[in-house]
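Some notes on the structure that comes next.
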There are 2 protein chains.
Amino acid sequence: METVEEAAADPGDPPGAPGPVARGTGAARPPAPRRARATASMADVARLAGVSAQTVSRVSNGYPGVTEETRRQVRAAMRELGYRPNSAARALKRGEFRTIGVITFTLATTGNVRTLEAIATSAAREGYAVTLLPLAVPTQDEVRGAFSRLEELAVDAVIVIMEVHLLDAATVHLPPHVQVVVVDSDAGDRYTVVDTDQHGGTREAVRHLLDLGHRTVWHLAGPEDSFAAMRRADAWRAALTEAGRELPPIVRGDWSAESGYRAGRELAVREECTAVFAANDQMALGLLRVLHEHGRRVPEDVSVIGFDDIPEASSFLPPLTTLHQDFAEVGRLCVQAVLRKMRQEGPERGTTLVPTRLVLRSSTAPPPGPR
Amino acid sequence: METVEEAAADPGDPPGAPGPVARGTGAARPPAPRRARATASMADVARLAGVSAQTVSRVSNGYPGVTEETRRQVRAAMRELGYRPNSAARALKRGEFRTIGVITFTLATTGNVRTLEAIATSAAREGYAVTLLPLAVPTQDEVRGAFSRLEELAVDAVIVIMEVHLLDAATVHLPPHVQVVVVDSDAGDRYTVVDTDQHGGTREAVRHLLDLGHRTVWHLAGPEDSFAAMRRADAWRAALTEAGRELPPIVRGDWSAESGYRAGRELAVREECTAVFAANDQMALGLLRVLHEHGRRVPEDVSVIGFDDIPEASSFLPPLTTLHQDFAEVGRLCVQAVLRKMRQEGPERGTTLVPTRLVLRSSTAPPPGPR
DNA sequence: ACCAGCGATGTTTGCGTAAACATCAGGTGG
DNA sequence: CCACCTGATGTTTACGCAAACATCGCTGGT
């Protein structure tokens, strides 16, 4: 937006508008891409089929009240002309776009991507398209901007894949008629939320390690501003407390493998650390590397468990025991929830949890015997 | 589509149409999600500002011929009413949607995702939205289906991230007015193609290993039906031949780390294999694991080089030397190309290559001395 | 035999926008 | 002083579709 020299980019100045560029007396107007008028309209089909446009519309929408015979003729005419309903006109008339907007901060994490993919697939099955709105930087301003773009961008609903603290209701202008569903959030009281059962999964991870005989479990946590990271850390704490084990100091990364490597140094040098629960698989990968570099064998000396079950996890050294997240299910439920909300069938808010599954591989084992 | 009992899903039967469900005499009509008529229209703004709708339109589009004074008033009215241009009406009137469709087979590979992200970001900057069309299975039928959905799905252009052999021009119905740009393809003679410089990158990889003193370089290739894999294999062959080295038998995976592990067994048992060029980082990861399991140290006994430079590559054991692909640039160029085509400014076809960059880490070294 | 009733089809209308054209006021040159 | 131009603004119209309403012809009950 740095090139705009005039007033501000106001409501009326859509991001894509020609804007105040290429102006001046007699200036050629901006070379707006122009589609050739090449498609047949309903009227054309109607003419060819010898019926009214309304009948074509009925056939097009599968409405009743048309003879099988007429229907056939109209279909033939459609085929002949290569007719495709004009979605703009349809949207204008119906007041809905059959499109769901997805706002996501980054596509760098497996979870977001897999969820997005599932959303797109489920949406397609329901006859909805998905419009993607990636955010450059996760600031409230960006989020707000994305929402306003979305609004004029022809969507009926929005799914937000994002830490919700960015979604401060006070500042984000949520268009009243656009339904919102949030992934990965604790705001079940304010929004409809679909999320993985972070708590249950973590609990299972901790229990698994404890059951193997470890005295306690260390935690390589995700970034502090992440809700998912927070939940996993909380659940880890709760599980240990409940089992009456001591609570080791928390170690933090930023989800990346690199950060797991850096943060893991601290764990690698501690003899008493025999079991680590990493908040995601990537950080576990980095951890595996530091441990290796410090000569600590996994799982003989140290057990490591991850979270996510990314495809590569089975190829780590050693193959990683981790908690499988069902992102496909999360995406599916998001779409269902948002459609239900649009139809005003569902509850206004509340959280839906998708369970995880413990995948046992080779990175966990009983602790080394007392030496 | 299994619930449709009537004829086939014809052109006139959009995937999302209410269809022949919920019918019958006097049956309540399907509970179509309905948006409340809540937004202000141009007419409302015009009334409040005391001008004509046309003037509002001019302001909204930043067109000239409006006094600064009037413009201010209109802007004020827009703000007061929370006016947002109705994109459906706008699209109907203008005949363009300002939306780019992206067809992609899978979001499971880093490359596709990163490219998609870059496309979405670049498109947003140009005032275009991105509609995502994932394919369940990569068959011609699916591709064809995706295209026809896309067409009625309100897009002005399409970017295809896919092996092009699925895009057989004979069967895919490409709407004449929709421009197409393809990523990862050799069809520069038929489409506009943007791709990473597979050849140059591979060449650099092979040269790097040869320069280190290896007698030859083995290749862990991608699946046969992948164009990128084919190109990399070809370039590997060419580079070796050119250097007058012997050509070891090719070993093949399917891009996944797991497949790299399986295929890598063959390499791990060959004493004479001291350098391997893996067609992507994931397979390199699997390869690292088999090598480790067979007691062959990397890089002391065997050098491994990957392709892609995924974020995790720096955390592999050892950190992976690889070829960095600039997916962001690929995405950006795709958008530029497709916009240029829409404006009929660019060439109809041809290939644009994005160079790679060799990232030196710890998985390559001179071969072990003769024993 | 007549008409109510119903299913099939046609006609009218308006969704919100923007291009094309119309109007109008004020200024300029002859 | 008027014909003419110019720039600001208003009016008309059409984009393609589908809801609402209108019409038409046939069937069946009395």
Side-chain angles (χ1 to χ4, degrees), chain A residues 12 14 17-18 23-26 29-30 32 34-35 37-47 49-74 78 81 83-98 152 154, chain B residues 12 14 17-18 23-26 29-30 32 34-35 37-47 49-74 78 81 83-98 152 154:
Chain A
R23 195 69 44 63
T25 330
R29 70 161 176 289
R34 42 183 58 230
R35 300 165 78 206
R37 174 77 194 74
T39 54
S41 77
M42 262 177 45
D44 300 323
V45 175
R47 206 170 307 122
V51 299
S52 73
Q54 185 53 41
T55 297
V56 176
S57 170
R58 282 191 267 255
V59 172
S60 176
N61 291 289
Y63 285 162
V66 182
T67 324
E68 206 38 61
E69 173 56 20
T70 310
R71 202 178 285 270
R72 235 192 316 277
Q73 282 177 14
V74 171
M78 282 174 167
L81 296 176
Y83 169 77
R84 294 271 149 190
N86 176 315
S87 57
R90 191 171 264 189
L92 175 59
K93 185 72 182 125
R94 299 214 264 225
E96 53 145 12
F97 301 99
R98 291 206 158 260
E152 82 186 23
Chain B
R23 195 69 43 63
T25 330
R29 70 161 175 291
R34 42 183 57 232
R35 300 164 81 207
R37 174 76 193 74
T39 56
S41 77
M42 262 177 44
D44 301 322
V45 175
R47 205 169 309 121
V51 299
S52 74
Q54 185 55 40
T55 297
V56 176
S57 170
R58 283 191 268 253
V59 172
S60 175
N61 291 290
Y63 285 160
V66 181
T67 323
E68 206 39 58
E69 175 54 23
T70 310
R71 202 178 286 270
R72 235 191 316 276
Q73 283 176 15
V74 172
M78 283 174 167
L81 295 177
Y83 168 76
R84 294 272 150 191
N86 176 315
S87 57
R90 192 169 262 189
L92 173 59
K93 185 66 185 146
R94 301 215 263 226
E96 53 145 12
F97 301 98
R98 291 204 159 261
E152 82 185 24

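So that the names make sense, note that chain A is the first sequence line, chain B the second, and so on, each numbered from 1.
- For A:Ser57, no side-chain nitrogen or oxygen approaches OP1 or OP2 of D:dA19 to under 4.0 Å.
- Closest to the side chain of B:Arg90, out of C:dA8, C:dA18, D:dA8, is C:dA18.
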With the criterion being N/O to N/O and under 3.5 Å, what pairs connect the protein with nucleotides 23-27 of chain C, and how long is each?
none

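- At its two ends the helix from C:dA1-D:dT30 to C:dG30-D:dC1 runs along axes set 50° apart, each axis drawn from five pairs and the angle rounded to 10°.
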With side-chain contact (heavy atoms from CB on, under 4.5 Å) as the criterion, how do B:Val74 and B:Arg58 come out once you've worked through the C-alpha distance, each side chain's angles and the decisive distance to 0.1 Å? CA-CA 10 Å; B:Val74 172; B:Arg58 283 191 268 253; over 6 Å; no
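- Out of C:dT17, D:dT9, C:dC15, the shortest distance to the side chain of B:Ser41 is found at C:dT17.
- Applying the side chain to side chain donor-acceptor pair (under 3.5 Å) rule to A:Ser52 yields the partners A:Thr55; only residues at least two apart in sequence or on another chain are considered.
- Taking B:Gln73 as the reference, B:Glu69 meet the side chain to side chain contact (heavy atoms under 4.5 Å, CB included) condition, with sequence neighbours excluded.
- The side chain to side chain contact (heavy atoms under 4.5 Å, CB included) test applied to B:Ala91 returns A:Ala88, B:Phe97, not counting sequence neighbours.
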Pull out every protein N or O sitting under 3.5 Å from an N or O of nucleotides 10-13 of chain C, one pair per line with the distance.
{"from": "C:dG10", "atom 1": "OP2", "to": "A:Ser52", "atom 2": "N", "distance (Å)": "2.8"}
{"from": "C:dG10", "atom 1": "OP2", "to": "A:Ser52", "atom 2": "OG", "distance (Å)": "3.0"}
{"from": "C:dG10", "atom 1": "OP2", "to": "A:Thr55", "atom 2": "OG1", "distance (Å)": "2.8"}
{"from": "C:dG10", "atom 1": "N7", "to": "A:Arg58", "atom 2": "NH2", "distance (Å)": "3.0"}

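- The side chain of B:Thr70 contributes no N or O atom lying less than 4.0 Å from OP1 or OP2 of D:dA8.
- Here B:Asn61 reaches the OP1 or OP2 of C:dA18: one of its side-chain N or O atoms lies under 4.0 Å away.
- A close approach under 4.0 Å does occur between a side-chain nitrogen or oxygen of B:Tyr63 and OP1 or OP2 of C:dA19.
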